[in-house]
Number of protein chains: 4
Amino acid sequence: MEAALKVFARRGIIGTKMSMIASEAGVSTGLLYRYFDSKDKLFTTLVQQAMDESIVGIKSIYQLPGSPLDKIKMLTTEILNEGSQLYFMLMHHARTSDEVPITAKKLIEENTMKTYIDILEPLFIEGQKEGELAADPPCELISCYLSLLSGLMTLNIQGDENYQMPKVDLLLRFIIRSSS
Amino acid sequence: MEAALKVFARRGIIGTKMSMIASEAGVSTGLLYRYFDSKDKLFTTLVQQAMDESIVGIKSIYQLPGSPLDKIKMLTTEILNEGSQLYFMLMHHARTSDEVPITAKKLIEENTMKTYIDILEPLFIEGQKEGELAADPPCELISCYLSLLSGLMTLNIQGDENYQMPKVDLLLRFIIRSSS
Amino acid sequence: MEAALKVFARRGIIGTKMSMIASEAGVSTGLLYRYFDSKDKLFTTLVQQAMDESIVGIKSIYQLPGSPLDKIKMLTTEILNEGSQLYFMLMHHARTSDEVPITAKKLIEENTMKTYIDILEPLFIEGQKEGELAADPPCELISCYLSLLSGLMTLNIQGDENYQMPKVDLLLRFIIRSSS
Amino acid sequence: MEAALKVFARRGIIGTKMSMIASEAGVSTGLLYRYFDSKDKLFTTLVQQAMDESIVGIKSIYQLPGSPLDKIKMLTTEILNEGSQLYFMLMHHARTSDEVPITAKKLIEENTMKTYIDILEPLFIEGQKEGELAADPPCELISCYLSLLSGLMTLNIQGDENYQMPKVDLLLRFIIRSSS
DNA sequence: TATGAATGAGTCTTCATTCAT
DNA sequence: TATGAATGAAGACTCATTCAT
């Protein structure tokens, strides 16, 4: 039923009509209200879930094999390919639209970039020690890298031949230590 | 009066009420209709203008002094600092929202990434010849670079301390030829 | 199951949701429809029953002991104390709401004040002969007395400390022959 | 525009559709929202006004000529004849319906019967001293009298041939000192 | 030219009623 | 017989657009 994510992600909170979600889910409009109190609540729930899963996703990097750079490369690949697209788009709407319920706004404020930096910092520092990663301040490196990634995912590049999703190796240039 | 751009850029076409534009412009709602036939027309006009200006802006790169890399760096800096922010956001809404008038959709389809690639290709090729730029296929390099830029601008990073706008030098790593 | 009366009486026909009746009765919503064709039918049935019982109740006055005034006093006391409250409230909704099913409206039109007057007239005439009751035209006396009573019962005075239910003796002043 | 009172009074808050008020007022539904934030607000406003006017009305009794009994008789006549009907009906809905906005509920709780008793008590005491009024405790006398009146007005007797509005003289028997 | 009152189509939400289990 | 999930029609409310002034 949370495939309402699909509609919200593409159209934002106002652009989405409950009837769209309903027909996307293959049920009647009325039934939606049996499961979700309101459009706002539904949206907020999705935002919450998006944030939770994103954190889990980021943390999973430590389970990946290989060197720090290997890990980063794999996670990046995953993010780029996988369905996380919708989450990025949803979060973008949640961040930028003014019609977002206050509850959702609060959720977002609590879950800042800092959260992700804290998770990734040890890995990046290790990567720098091993000489794999560029020597910029890790905070900045991470923050910029995630911003770049967010931007790319938000564009909804798939299905738009105008934009081109950069290959992972290209992206990694930002953080890789340029061969001396 | 076209400071309606401000509202459309931030809130998208549905999120924007004519009354918002009116009060932002300091006039009455009714007066808007003396200058623009409809909300859709107004939006379409803005999109048209955004595209026109973007092309002019890109072309202006050839007026800039210095080597190809210098030119690219300066243009990038300009884009990042200047008010082009709003254009990127507007175009993002125009590209992703389904409520956009067909006329605007058509405009966008006509003005593809190809347009920009064609403009920039000679410059990039020159840069590669001079050994400044990475050796990837110029088309791909340009397309990816513009995608990255679009993504960053779309995020509306200003006013959100969570994201961090990468420094220009960091961004350039993407296209610079790594020191051998 | 007819304790749906409770809900209808308090909330009127529109204010009452079938789910309220169901939970008041301790059954599921769906089950209600096994016993009553529709909300309207249920309401109509209750109105019918209310009217029937009111007539029986009024007629029972002749079974009471004592003089005409004694009888009237006892019946009044009964009405004031007993659960007839709900019937008065139900009938008030039935009389004043426009959403009442036509069938119920018809029922009410057939069962006019005249019905009650016809029942009580002999008793009042007797009371007047015996010098207990005021000498006004019996029709008027009865009609006014019942109107007063209806009004009081309709107010739903219980549970509202603002109103005060008059003592029976106070009420009787309306019809008692003032001591010469 | 407050002739919305007419519809609310007859049909209660749920039974009333904004479109009814609109067509009763001869305007479009949308226009209602230019003057009143919402149905609830409108209802609350009417309740407020009803209470204010009722107090003014009651207080005006001291401007009337004649003995206390004369004053009471005139006020009663006025209440019975005049358009206060709608106010009584409105207040009844406000008191008994559960769908009434909290703000309105609060208003009602603040404006108790006590308010009216305080206003009328001096008059009734004077009337008792002059031997015109029954010797019951004035509080009780007033409270019961007002309850009776409220009940009668709430019934919406006009337009229902079944009920009969008692003549004023009949009603006064309730408070008049029976001739010794 | 400028205003803002007025309209009505469109969206969210509720709830009587049905129906598979 | 009993449940409660599912449907869809109806009502509150918003807002693009018009129009009298």
Side-chain angles (χ1 to χ4, degrees), chain A residues 1 4 11 13-23 25-43 99 101, chain B residues 1 4 11 13-23 25-43 99 101, chain C residues 1 4 11 13-23 25-43 99 101, chain D residues 1 7 11 13-23 25-43 99 101:
Chain A
M1 221 73 74
R11 313 179 67 112
I13 196 171
I14 320 190
T16 298
K17 303 170 198 165
M18 286 305 261
S19 59
M20 293 173 177
I21 300 179
S23 78
V27 300
S28 72
T29 312
L31 188 53
L32 250 39
Y33 286 85
R34 176 165 275 281
Y35 299 109
F36 307 100
D37 291 340
S38 70
K39 190 175 163 180
D40 278 8
K41 269 284 184 47
L42 174 49
F43 186 81
E99 341 291 323
Chain B
M1 223 75 71
R11 317 180 62 112
I13 195 171
I14 318 191
T16 298
K17 303 171 197 167
M18 286 305 263
S19 58
M20 291 173 178
I21 300 179
S23 80
V27 301
S28 73
T29 312
L31 191 53
L32 249 41
Y33 284 84
R34 177 161 277 278
Y35 299 107
F36 307 100
D37 292 340
S38 70
K39 190 175 163 180
D40 280 8
K41 268 283 183 46
L42 174 50
F43 186 82
E99 341 293 323
Chain C
M1 223 74 71
R11 315 180 64 111
I13 195 171
I14 318 192
T16 298
K17 302 171 198 168
M18 287 304 262
S19 59
M20 291 173 177
I21 301 179
S23 79
V27 301
S28 72
T29 312
L31 191 52
L32 248 41
Y33 284 83
R34 177 160 278 278
Y35 298 108
F36 306 101
D37 292 340
S38 70
K39 190 176 163 178
D40 279 8
K41 269 284 182 49
L42 174 50
F43 186 81
E99 341 293 322
Chain D
M1 220 74 72
V7 192
R11 314 179 66 113
I13 195 170
I14 320 190
T16 298
K17 303 169 199 164
M18 287 305 262
S19 59
M20 292 172 178
I21 300 179
S23 78
V27 300
S28 73
T29 313
L31 189 52
L32 250 40
Y33 288 85
R34 175 163 277 279
Y35 299 108
F36 307 101
D37 291 340
S38 69
K39 191 175 162 179
D40 279 8
K41 268 286 183 45
L42 174 50
F43 186 81
E99 342 291 324

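One distance of note links CD of D/Glu99 with CG of D/Asp40; it measures 10.0 Å at 0.5 Å rounding. One distance of note links OG1 of C/Thr16 with CD1 of D/Ile14; it measures 8.0 Å at 0.5 Å rounding. Considering CZ of C/Phe36 and CG of C/Leu42, their distance stands at 5.0 Å, rounded to 0.5 Å. Note: D/Lys39 NZ to D/Tyr33 OH = 8.0 Å, rounded to the nearest 0.5 Å.
Between the side chain of D/Lys17 and the backbone N or O of D/Ala22 there is no donor-acceptor pair closer than 3.5 Å.
Atom NZ of A/Lys41 and atom C1' of E/dC12 are 15 Å apart (whole Å). Between the CZ atom of A/Arg11 and the C1' atom of E/dC12 there is a distance of 16 Å, rounded to whole Å. Across the protein-nucleic acid pair, A/Tyr35 atom OH and F/dG4 atom P stand 13 Å apart, rounded to whole Å. Rounded to an integer number of Å, the gap from CG of D/Leu32 to C1' of E/dG8 is 14 Å. Whole-Å rounding puts the D/Phe36 CZ to F/dA12 P distance at 15 Å. Summarising the geometry, the separation between CE on B/Met20 and P on F/dC15 is reported as 7 Å, rounded to the nearest angstrom. For the pair B/Arg34 CZ and E/dG4 P, the interatomic distance rounds to 16 Å; values are reported in whole Å.
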request  = Could you run through nucleotides 13-21 of chain E and give me one letter per nucleotide, 5' to 3': B if any protein heavy atom sits under 4.0 Å from the base, S if only the sugar-phosphate is that close, - if neither?
outcome  = BBSSBB---
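By the salt bridge (Lys or Arg N to Asp or Glu O under 4.0 Å) test, D/Lys41 is found to be paired with D/Asp37, residues two or more places apart in sequence or in another chain being considered.
Counting only Watson-Crick and G-U wobble pairs whose two distances sit under 3.5 Å, DNA chain F takes part in these stems of three or more pairs: E:2-21 with F:2-21.
Side-chain contact between A/Ile21 and A/Met18: present, with at least one pair of heavy atoms (C-beta onward) separated by less than 4.5 Å.
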